[in-house]
Amino acid sequence: MRMGNASTVYERMMMNPPPEALQLQRDAIAAFGWSIDDDRKAVESVKEILSDMLADSDSLWKYLANSLREARGITIVGADVRGDYLSRQEHDRFIVADGAFAAFTHLDPSFTKRVIAIVSDADGGEGMRQAMRHSHIVWILHPHGDNLEEVNDLAQRLKELERNVVLTHQLEEDIVGAINIGGLTDGDRAACLARCVLDASTIKLSGFSVGGIGRWSGKSDSELKLLKLDWMVRILDSLGLMISEPIS
């Protein structure tokens with residue numbers, strides 16, 4: 001990953017994108033045969049839609065970093081999360097993987113207020129749409145070559161709602177207004193974000209399914225999704241994070 005001399009996106013997220021996770025991302029992209037040109041077109045398309053909304057995105061990256069530092073604990077919420085587990089997290093703040101936000105609709109509203117951000121590549125279905133109602137949540141939007149129409153639609157909707165949006169990408173180059181923090185799925189991308197700022201010991205995982213597709217996952221190719229989960233586990237392991245919560 002070429003970081004150059006940084007220059008914002010909060011100084012390239014404080015120059016801490018985890019190198020092993022970035023390498024695993026590169027390996028996965030090569031293994032799946034995904035088009036780098038298509039990824040680049042997707043990022044540029046979303047940048048064009050959001051345009052001046054991204055002008056002050058550096059302040060949002062600073063807000064995210066400060067919120068992570070100030071939290072008494074951080075839980076990364078994956079697509080197989082159980083509401084009863086979340087309800088026991090009395091003090092943690094949350095970064096949510098896309099459709100997993102649906103779990104919060106079954107909890108006291110105070111839990112939703114502790115959601116810092118939602119990481120989305122626009123396939124989160126109803127949970128993703130529910131999250132749009134909450135103006136305090138920062139959207140970490142991830143355009144890539146396989147989701148161009150969906151992510152363009154989501155970006156347009158977020159613009160209309162005047163939501164706070166920042167961009168990530170999966171390219172090996174610096175892009176103004178966006179950053180590659182690592183990760184292949186929304187869940188491990190959220191974990192990469194947290195590890196840019198925090199030690200692994202302060203981060204918990206909830207709802208990370210390894211044996212099947214999570215209950216809150218959006219519609220997708222199930223065979224491809226399971227292959228992605230194998231890479232997800234490797235990326236989480238490289239971050240020093242373990243999937244330990246029982247899957248039900």
Side-chain angles (χ1 to χ4, degrees), residues 3-4 6-17 37-70 77 93-101 104 112-171 173-183 185-186 189-190 192-194 196-197 218:
M3 301 299 290
S7 80
T8 82
V9 181
Y10 193 38
E11 293 303 315
R12 295 286 137 191
M13 205 51 185
M14 306 178 299
M15 302 292 283
N16 286 327
D37 286 341
D38 287 349
D39 286 345
R40 187 177 294 108
K41 289 175 184 176
V43 177
E44 293 302 328
S45 178
V46 170
K47 284 183 62 178
E48 184 175 352
I49 291 169
L50 296 175
S51 57
D52 56 352
M53 285 183 66
L54 299 175
D56 197 33
S57 65
D58 215 47
S59 65
L60 289 176
W61 286 110
K62 290 177 182 178
Y63 165 78
L64 289 169
N66 289 335
S67 296
L68 292 169
R69 293 189 195 102
E70 294 166 2
V77 181
R93 300 191 72 185
F94 306 103
I95 304 175
V96 181
D98 215 357
F101 185 84
F104 286 86
T112 298
K113 292 177 182 177
R114 284 157 42 200
V115 174
I116 298 172
I118 180 168
V119 179
S120 177
D121 65 358
D123 68 353
E126 182 57 28
M128 179 184 74
R129 288 186 285 273
Q130 291 165 344
M132 291 185 204
R133 302 171 186 168
H134 301 279
S135 60
H136 73 282
I137 296 174
V138 177
W139 286 77
I140 302 169
L141 196 56
H142 186 78
H144 56 76
D146 289 341
N147 73 338
L148 181 58
E149 182 176 353
E150 294 86 352
V151 78
N152 279 347
D153 289 346
L154 177 55
Q156 184 62 47
R157 183 62 177 146
L158 293 173
K159 182 177 182 177
E160 291 168 357
L161 291 169
E162 298 183 341
R163 295 299 182 244
N164 294 314
V165 185
V166 294
L167 294 184
T168 59
H169 63 84
Q170 56 193 38
L171 297 161
E173 57 196 67
D174 289 349
I175 295 179
V176 175
I179 187 173
N180 187 349
I181 53 175
T185 73
D186 292 321
R189 193 173 304 115
C192 286
L193 167 64
C196 285
V197 182

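Computed from a prediction, not measured in an experiment: that's the story for all the values here.
- Asp38 contributes atom CG, which lies 7.5 Å from atom CG of Asp146 (distance to the nearest 0.5 angstrom).
- When the salt bridge (charged side-chain N to carboxylate O under 4.0 Å, His left out) test is applied to Glu126, the partners found at least two apart in sequence or on another chain are Arg129.
- Interatomic distance, CZ of Arg133 versus OG1 of Thr112, reported as 10.5 Å (0.5 Å rounding).
- Taking 4.5 Å as the limit, every side-chain heavy atom of Met132 sits out of range of all side-chain heavy atoms of Phe101.
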**OP:** Would you sort out whether Val197 and Arg69 count as a side chain to side chain contact (heavy atoms under 4.5 Å, CB included), showing the intermediate values?
**Re:** CA-CA 7 Å; Val197 182; Arg69 293 189 195 102; 3.6 Å; yes
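- The line from CD1 of Ile49 to CG of Asn152 is 3.5 Å long, rounded to the nearest 0.5 Å.
- Taking all atoms of both residues into account, the shortest heavy-atom contact from Asn147 to Ala122 is ND2-CB, 4.4 Å.
- For the residue pair Met53 and Leu158, the shortest heavy atom distance occurs at CE-O, 4.3 Å.
- Going from atom CD of Glu70 over to atom OH of Tyr63 covers 9.0 Å, rounded to the nearest 0.5 Å.
- Here the shortest heavy-atom pairing between Asp39 and Leu171 reads CB-CD2, 3.8 Å.
- Each of Val151, Leu50, Ile179 was compared with Leu167 under the side-chain contact (heavy atoms from CB on, under 4.5 Å) criterion, and only Leu50 meets it.
- Rounding to the nearest 0.5 Å places CD of Glu48 at 12.0 Å from CG of Leu54.
- Across all non-hydrogen atoms, the minimal contact from Cys192 to Gly183 is SG-N, 3.6 Å.
- In this structure, the side chains of Val115 and His134 stay at 4.5 Å or more apart for every pair of heavy atoms.
- Here the shortest heavy-atom pairing between Asp98 and Ser120 reads OD1-OG, 2.9 Å.
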Subject >> From CA spacing to verdict: side chain to side chain contact (heavy atoms under 4.5 Å, CB included), Trp61, Leu193 >> reply: CA-CA 10 Å; Trp61 286 110; Leu193 167 64; 3.8 Å; yes
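- Of all the heavy atoms in Leu148 and Ala42, the pair that sits closest is CD1-CA, 3.7 Å.
- Atom NZ of Lys159 sits in a crowded spot, with more than 12 heavy atoms from other residues, nucleotides or ligands closer than 6.0 Å.
- Here the NZ-CD1 distance, from Lys113 to Ile137, works out to 12.5 Å after rounding to the nearest 0.5 Å.
- Scanning for salt bridge (charged side-chain N to carboxylate O under 4.0 Å, His left out) contacts around Glu160 gives Arg157, with sequence neighbours left out.
- Crowding of Glu149 atom CD: a count of heavy atoms from other residues, nucleotides or ligands under 6.0 Å not exceeding 12.
- Residue Val138 is tested with Ile118, Leu64, Ile116 for a side-chain contact (heavy atoms from CB on, under 4.5 Å); the sole match is Leu64.
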Subject >> CA sep, side-chain torsions, deciding dist, call: His144, Asp121, side chain to side chain contact (heavy atoms under 4.5 Å, CB included) >> reply: CA-CA 8 Å; His144 56 76; Asp121 65 358; 3.3 Å; yes
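- Qualifying salt bridge (charged side-chain N to carboxylate O under 4.0 Å, His left out) partners for Arg40, counting only residues two or more places apart in sequence or in other chains: Asp37, Glu173.
- Here the side chains of Ile181 and Arg189 are in contact, with some heavy-atom distance below 4.5 Å.
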